[in-house]
*Asks:* 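The following block contains the structure, expressed as structure tokens.
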Protein chains: 2
Amino acid sequence: MEKEITIYDIARELSISPTTVSRGLNNHPAVNKSTKQKIFDAAAQMGYRSNAFASNLRKKRTNTIGVIVPLLNSNFQSSVMAGMEKVANEAGYNLIISQSLENAQKEIANARTMFESRVDGLLVSVAYDTENIDHFEPFFSKGIPLLFYDRVPEHKQCTSIVINNIQAAHKATTHLLEQGCQRIIHISGNHRINVYKDRLKGYKYALMDHNIASREDYIIETDLSEKAGEEAVQKILEMDPRPDGIFVANDNCAVSCIKALKQAGIAIPDDIAVVGFNNDPITRIIEPNLTSVNYPGYEMGEVAVRSLINYLDGVSDVSITNTITLNSELVVRESSQKKEKAKARLA
Amino acid sequence: MEKEITIYDIARELSISPTTVSRGLNNHPAVNKSTKQKIFDAAAQMGYRSNAFASNLRKKRTNTIGVIVPLLNSNFQSSVMAGMEKVANEAGYNLIISQSLENAQKEIANARTMFESRVDGLLVSVAYDTENIDHFEPFFSKGIPLLFYDRVPEHKQCTSIVINNIQAAHKATTHLLEQGCQRIIHISGNHRINVYKDRLKGYKYALMDHNIASREDYIIETDLSEKAGEEAVQKILEMDPRPDGIFVANDNCAVSCIKALKQAGIAIPDDIAVVGFNNDPITRIIEPNLTSVNYPGYEMGEVAVRSLINYLDGVSDVSITNTITLNSELVVRESSQKKEKAKARLA
DNA sequence: TTATTAATTGCAACCGATTGCAGAAACTTT
DNA sequence: AAAGTTTCTGCAATCGGTTGCAATTAATAA
């Protein structure tokens, strides 16, 4: 383990001061061009690498962005990560990632770690059972920019990046209505979470706009797991009259519904049309292909980091922008397109 | 932005030296128990948070593990990340993640960044077109533990964590043979990459063990994308006699093959049986469900970080362990189980 | 030629925690 | 009671850059 080269070594080598070396390496304008060149050459030749700690210690900045995510291994979240990483890397930031495993307690611990690690900013998508955001208080009070995405808490006026879940769900439901569906079930996630609450709202509004009363027994709150899909289908099959459309709050669960429905001999979309949410790759694998709301995870990740960096650079002010809403559109596939005959029969 | 509390503040408050405060906070044995208690109390009460940079600067350790991954948004890789994060977090390490986007140039840049960030150790799964590992030389020469997983380079004696791809592919191919397949295609990835090279080997060995000569035209090298699957199917359908089994080196591509084959009116598995690799969730969505090799990504991530930390703690020695091989088994599903009739006909 | 101004460079303090070594205090042992 | 131990504390240097301010030199204006 050879010793590390420092700016002092370079300074000695070139018979100049460490100050100038430091400035030179940072491309400070007040350093002579030829001196700079000499410094760079010497640094390269001597195998110098900057010590980020010394630098951070002095500058009180880490060039590190923290991310707290419920679960890394989902298609949506890993797309988000990918987008975040790309932008962060391009801007010279490192990403420290941790997962809450959908557990508020773990999220609190993660927040603490991020705080101790002195991330310059934090991006969070809250856990399933997170009830308040007191654990982010230190960030607020220290003025560390904190930005929520996708799963955002409600009560505080925190900056967040979301899609318009209400609108998207409205579109999805309206689409089902236009296909002739009259008894539409909504399989939803935990209503405490904004995204599911909003999707539920969108569903209700769409029904309302078509003068259809929403029924409590048509709204099934689940954890959106595969198993939940199967169980929901059980319930649905027992209903009389039988529902003719299902709007599921995520694709995973929607796919499991389709599988269960097919198993029960139900024709999709003609007996029951199904619409999912997220536009995961599985939508194009299940048969029939699943109609879904495109959720631009990669873009969301890019935007999240970009916004955060803007705050950090003082380009924009955290207190001004409060919500960034990304576009999302309905991608219509076979699972919801009733044949004309079926439509007619229903109509 | 209130000022940060430092050990000096605590020292002043308690009228003791910063040295003792530092030792106290680190639970140094040479500090009186009651003094320690006072220190902890004061720290908590004053809202002290340790400055990792000052500490790192002095200790030359970052408690950070770097990960370079080809693409974050794949089911396999995000499972690996999840496993890594879990273990790292439990052990008090942070994870800095960056992706090479399957590009050697970017991988080189990432490696440099990781080096500059002074990660304590590095975990790498190499990019698609990485040809050598010279860019990791700094890690070797500085004695920073470097551990490859999944996509591991060959020529050097670097520590790596893999599954036995040869054996797994052998099992998969043998399974097809046992189902009565006689003309088995192998759709492979880039042969320069160990995993694909080994899967090809396993395929060849299995044929050999059944006294079947492997044919060059039955081996299709692709990038394993969806598109590649479709193109491969085109080729396969033009072959005469028609192949009756396909072993694909990943699930994504296998699924796209199945879709294309079905579109062409081929019955799966009876006309052509298909086996994939990875055991992604999509194996259970495509119809017929895809037989695949279970690739324990989450476990691989856990093992990778655990091993790395063992090296860091000096528990084990990098130079001793060279390869850790995880178990993987074939998960047989419908896509490869020929009906007895079909089997008989073929036999 | 002298006064100004601009361009460079360096001094020295600082960021906050860690640690080898020495010293003080308390306790044991002859 | 003197000497030897053990237990605790603190001094001061160190890790490697960064930065306000002053100083030196070169360039330009008067």
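On a predicted model such as this, the values are computed, not experimentally measured, just so you know. Each chain gets a letter, A, B and so on, in the order the sequences are listed, and its residues count up from 1.
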*Asks:* Counting heavy atoms from C-beta on, name the nucleotide in D:dG17, C:dT18, C:dG10 closest to the side chain of B:S55.
*Replies:*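 Closest nucleotide to the B:S55 side chain: C:dT18.
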*Asks:* OP1 or OP2 of C:dT9 sitting under 4.0 Å from any side-chain N/O of A:S17?
*Replies:*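 False: A:S17 side-chain N/O out of range (4.0 Å or more) of C:dT9 OP1/OP2.
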*Asks:* Between B:R118 (CZ) and D:dC15 (C1'), how many Å, whole number?
*Replies:*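 The answer, rounded to whole Å, is 11 Å.
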*Asks:* Of the listed nucleotides (C:dA17, D:dT18, C:dT9), which one gets closest to any side-chain atom of A:K59?
*Replies:*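 So the side chain of A:K59 is nearest to D:dT18.
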*Asks:* From CG of B:N56 over to P of D:dG17, roughly how many Å is that when rounded to an integer?
*Replies:*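 These atoms are roughly 14 Å apart.
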*Asks:* Would you say the side-chain atoms of B:Q99 pair up with the backbone N or O of B:L72, donor to acceptor, closer than 3.5 Å?
*Replies:*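 A pair under 3.5 Å: yes.
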*Asks:* Any salt bridge between B:K38 and B:D41, counting N to O under 4.0 Å?
*Replies:*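 No, B:K38 and B:D41 are not salt-bridged.
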*Asks:* Could you check A:P18 against A:P29 and say which one's nearest nucleotide on DNA chain C is further toward the 5' end?
*Replies:*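 Nearer the 5' end of the strand: A:P29.
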*Asks:* Taking for each residue the nucleotide of DNA chain C with the nearest heavy atom, is it B:L57 or A:N32 whose nucleotide lies nearer the 5' end?
*Replies:*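 Result: A:N32.
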*Asks:* Heavy atoms, side chains only, cut-off 4.5 Å: are A:S117 and B:N94 in contact?
*Replies:*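 Yes, at least one pair of side-chain atoms sits under 4.5 Å.
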*Asks:* Checking contacts here: which listed nucleotide (C:dG16, D:dG16, D:dA12) is nearest the side-chain heavy atoms of B:Y8?
*Replies:*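 For the B:Y8 side chain, the nearest candidate turns out to be C:dG16.
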*Asks:* Return the nearest nucleotide to the side chain of A:K60; candidates are C:dA17, C:dC15, D:dG17.
*Replies:*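 Between C:dA17, C:dC15, D:dG17, the one nearest the side chain of A:K60 would be C:dC15.
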*Asks:* Given atom CZ of B:R61 and atom P of C:dG16, what is their separation to the nearest angstrom?
*Replies:*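 So the two atoms are 24 Å apart, to the nearest Å.
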*Asks:* Which nucleotide in the list D:dG17, C:dT19, C:dC15 gets nearest to the side chain of B:R58?
*Replies:*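 Taking heavy atoms from C-beta onward, the closest nucleotide is C:dT19.
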*Asks:* A:K38 NZ to C:dT8 C1': how many Å, rounded?
*Replies:*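 After rounding, the gap between these two atoms is 12 Å.
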*Asks:* The side chain of A:S22 lies closest to which of these nucleotides: D:dG17, C:dA17, C:dT9?
*Replies:*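 For the A:S22 side chain, the nearest candidate turns out to be D:dG17.
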*Asks:* Between C:dT9 and A:T35, is there an OP1 or OP2 to side-chain N/O distance shorter than 4.0 Å?
*Replies:*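 So the side chain of A:T35 is within the cut-off, an N or O lying under 4.0 Å from OP1 or OP2 of C:dT9.
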*Asks:* Ring-plane angle category for B:F139 and B:F115, please: parallel below 30°, perpendicular beyond 60°, tilted otherwise.
*Replies:*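 Correct class here is perpendicular.
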*Asks:* With a 4.0 Å cutoff (strictly under), does any side-chain N or O of A:T6 reach OP1 or OP2 of D:dG16?
*Replies:*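 For A:T6, the contact criterion (side-chain N or O under 4.0 Å from OP1 or OP2 of D:dG16) is not met.
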*Asks:* Over how many whole Å does the gap from A:I16 atom CD1 to D:dT18 atom C1' extend?
*Replies:*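 Going from A:I16 (CD1) to D:dT18 (C1'), I get 15 Å.
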*Asks:* What is the separation between atom CD on A:E4 and atom P on D:dT14, rounded to the nearest whole Å?
*Replies:*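 Interatomic distance, CD of A:E4 to P of D:dT14: 19 Å.
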*Asks:* Check the distance between C:dG16's P and B:L25's CG and give it to me in whole angstrom.
*Replies:*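 Rounded to whole Å, this separation is 15 Å.
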*Asks:* Looking only at side-chain N and O atoms, does A:N26 come under 4.0 Å of OP1 or OP2 in D:dT18?
*Replies:*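 Yes, such a contact exists.
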*Asks:* Classify the side chain of B:T19 versus the base of C:dT19 as yes if they form a donor-acceptor pair under 3.5 Å and no if they do not.
*Replies:*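 Check passes, donor-acceptor contact within cut-off.
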*Asks:* For DNA chain D, whose closest nucleotide is more 5', that of B:A54 or that of B:R23?
*Replies:*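 The answer here is B:R23.
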*Asks:* Spell out, as yes or no, whether a donor-acceptor pair under 3.5 Å connects the side chain of B:E102 to the backbone of B:Y128.
*Replies:*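 Side chain of B:E102 to backbone of B:Y128: a pair is present.
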*Asks:* D:dG20 C1' sits how many Å from A:H28 NE2, rounded?
*Replies:*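 Atom-to-atom, A:H28 to D:dG20, this comes out as 11 Å.
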*Asks:* For A:T62 and A:R118, indicate whether the former's side chain and the latter's backbone hold a donor-acceptor pair under 3.5 Å.
*Replies:*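 Judged by distance alone, yes, a pair lies under 3.5 Å.
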